[in-house]
Amino acid sequence: MIEFQNVVKRYGTHFALDDVSFKIEAGEIVGLLGPNGAGKSTAMNILTGYLAATSGRILVDGIDAVGSPIDVRRKIGYLPEQPPLYPEMTVDEYLSFVYSLKGCTLNKKKHLEEIMRLTQITDVRSRLISHLSKGYRQRVGIAEALVGDPPILIFDEPTVGLDPKQIIEIRSLLRALSKKHTVLLSTHILSEVQAVCRRVIVINRGKIVANERTEDMTRTLDEERCFRAEIVGPSKEVLSFLRNKSGVKRVEMVSSSQESETNVYEIDAEKGVDVRKTIFFACADNRWPLVGLAPIGEDLESIFVRLINKSDKSATKADTRKNKSPKAE
Amino acid sequence: MRAIYLREMRAYFTTPIGYLFLAVYFLISGAVFSYSTLYSMSGDVTTYFTVMLFMDAILLPLLTMKSFSEERKQKTEQLLLTAPISLTSMVLAKFFAAYTMFFGVTCVSSLSFLILYRYAVVDTAILLGNLVALLLVGMAFIAVGVFVSSITENQLASAVGTVGILLVFLAISFLNAIIPFYPVRFVLSGISIFARYQNFLQGIFDVASLVYYLSVSAAFLFLTVRVFAKRRWN
């Protein structure tokens with residue numbers, strides 16, 4: 001449905017997108033994830049024809065986005081980072097403007113009412129956009145993208161600036177939309193991807209650092225787990241005993257308290273081994289009370305940070321290499 | 001194109017700018033008309049149209065100053081630029097909306113001349129020739145204004161910039177009088193808006209000037225389209 005082939009976007013010497021390739025199939029809901037300034041908006045702006053790529057090809061439904069931009073834009077509903085709203089218009093007027101701007105042929109009244117019902121803005125339909133709250137504006141922006149019922153929907157940070165209740169509503173709306181549309185959304189909030197998307201493309205410094213199904217990403221987490229255990233007992237003996245157990249990769253004492261003799265350990269497990277039982281029995285056999293055991297850190301959040309750090313490091317390496325051989329270009 | 005045109009027309013009348021423009025235009029055109037004809041007891045219509053030409057250079061930027069500047073500032077241009085329409089139709093819609101305002105206000109204010117028929121002998125051909133000339137010059141002025149508004153997101157800069165460019169265009173004919181070198185004079189009078197206008201003032205319908213005004217308008221609208229086309233690549 002959407003295909004990026006070696007897309008490069010360069011601003012002067014800065015690469016906003018550096019050789020980006022990915023594919024999104026029809027009916028998928030994909031999250032474009034990355035820190036601020038990673039190139040998410042640039043990718044979306046190129047896809048929607050707002051910006052042109054420096055090099056590379058973008059195919060939408062097999063149609064070249066540069067060759068026939070208008071055909072491509074007809075297939076796309078786009079909510080930019082800042083919803084493109086005219087403050088002096090009412091919601092009704094605005095949506096019917098968008099309707100005729102996109103040259104829609106659907107039954108206007110029925111179509112717009114359906115969209116307003118979906119995005120829950122029917123109750124503000126006759127109010128001026130300048131009088132609406134941020135949450136409503138965002139939803140009017142989403143409604144704008146839905147006008148004309150395009151097969152592809154692109155949302156640039158759709159939940160930014162909303163309160164938690166609104167975020168939950170928008171997310172369930174996105175999930176509902178993904179049943180009928182191909183959806184690409186960008187965000188820097190990981191839980192959003194986890195909650196909504198089936199696949200995630202992580203982008204950092206204009207490069208793709210990961211592109212996999214959300215489940216697979218979480219499964220990687222399950223395989224390499226890290227736990228925090230609170231054990232009452234002599235720390236030296238605990239450490240040496242646990243280190244000799246199979247399936248335990250690393251044990252470290254992170255804090256200790258003199259009074260209760262309770263020490264906190266971080267335990268890394270070998271890949272694919274559930275060390276929780278091992279820890280429990282080890283403690284039970286030695287009569288060291290195990291007062292706490294919890295998995296730590298390794299949710300999407302920390303994977304993300306790890307991926308980003310990794311790509312930052314390799315980028316710095318590449319940079320220093322470049323600097324060592326000046327005038328390489 | 002129709003959607004943008006209609007929205008633009010609505011915007012003139014849902015924001016103060018349209019009313020402000022109409023009020024100032026009617027005030028000035030009314031005053032100029034009264035002074036140039038009724039007060040000076042003259043049936044000559046050319047003074048009115050000459051003065052209005054200069055007034056338009058100052059008033060028309062009011063219509064075009066936010067054409068694209070406002071869209072850019074409010075990020076609504078992203079909606080237009082990602083909609084399934086061509087850049088040309090987007091630019092033309094904006095241009096025609098501003099031109100409709102100008103066309104309407106110029107025609108309506110010219111109705112004052114009906115009063116003049118009661119008191120003086122008016123040469124209808126000259127009157128109509130002048131009116132057509134003003135409507136043509138306005139077209140070029142608006143095209144310049146639309147162009148300037150596409151290169152800045154600041155409405156004030158857009159308005160002042162347009163006035164500046166238009167006044168330079170008009171001043172060329174005065175510069176002409178003091179340049180002793182004929183070839184330069186020839187070129188300058190060729191591109192001078194005012195020199196071209198004078199034929200019409202004398203009641204001559206000059207086809208070359210008609211082509212000139214249409215070309216200037218087309219050139220600036222084309223430049224506007226290029227501004228947007230180029231911005232994609234930046």
Roughly how far, to the nearest 0.5 Å, is [atom2] of [Y] from [atom1] of [X]?
X: A:Leu101; Y: B:Met1; atom1: CG; atom2: CE; answer: 13.0 Å
X: B:Trp233; Y: A:Thr54; atom1: CH2; atom2: OG1; answer: 8.0 Å
X: A:Phe97; Y: B:Glu8; atom1: CZ; atom2: CD; answer: 8.5 Å

Please determine, among [options], the option with the most heavy-atom pairs under 4.5 Å with chain A.
options: B:Glu71, B:Glu70, B:Arg2; answer: B:Glu71
options: B:Leu6, B:Ile4, B:Thr82; answer: B:Thr82
options: B:Ala93, B:Ala83, B:Ser86; answer: B:Ala83

Can you find a pair of side-chain heavy atoms, one from [X] and one from [Y], that are under 4.5 Å apart?
X: A:Pro80; Y: B:Lys75; value: no
X: A:Pro87; Y: B:Gln74; value: yes
X: B:Leu80; Y: A:Tyr50; value: no
X: A:Thr48; Y: B:Gln78; value: no

Heavy-atom cut-off 4.5 Å, strictly under: side chain, backbone, both or neither for [X] against chain B?
X: A:Lys75; answer: neither
X: A:Val98; answer: side chain
X: A:Asp71; answer: neither

Report task. Sort out for me which of A:Pro83, A:Ala52, A:Gly77 touches chain B most, counting heavy-atom pairs under 4.5 Å. Result -> A:Ala52

Query raised in the report: Looking only at heavy atoms, what is the nearest atom pair of A:Glu144 and B:Leu79, with distance?
Result: OE2-CD1, 3.3 Å

**Report entry** Nearest non-hydrogen partners of B:Thr14 and A:Glu88, listed with the distance
**Finding:** OG1-CG, 3.6 Å

Query - B:Arg232 (side chain) donor-acceptor with A:Gly49 (main chain) under 3.5 angstrom - result: yes

Report task. In plain terms, say whether A:Glu93 and B:Arg10 are close enough for a salt bridge, that is, a side-chain N and a carboxylate O under 4.0 Å apart. Result -> yes

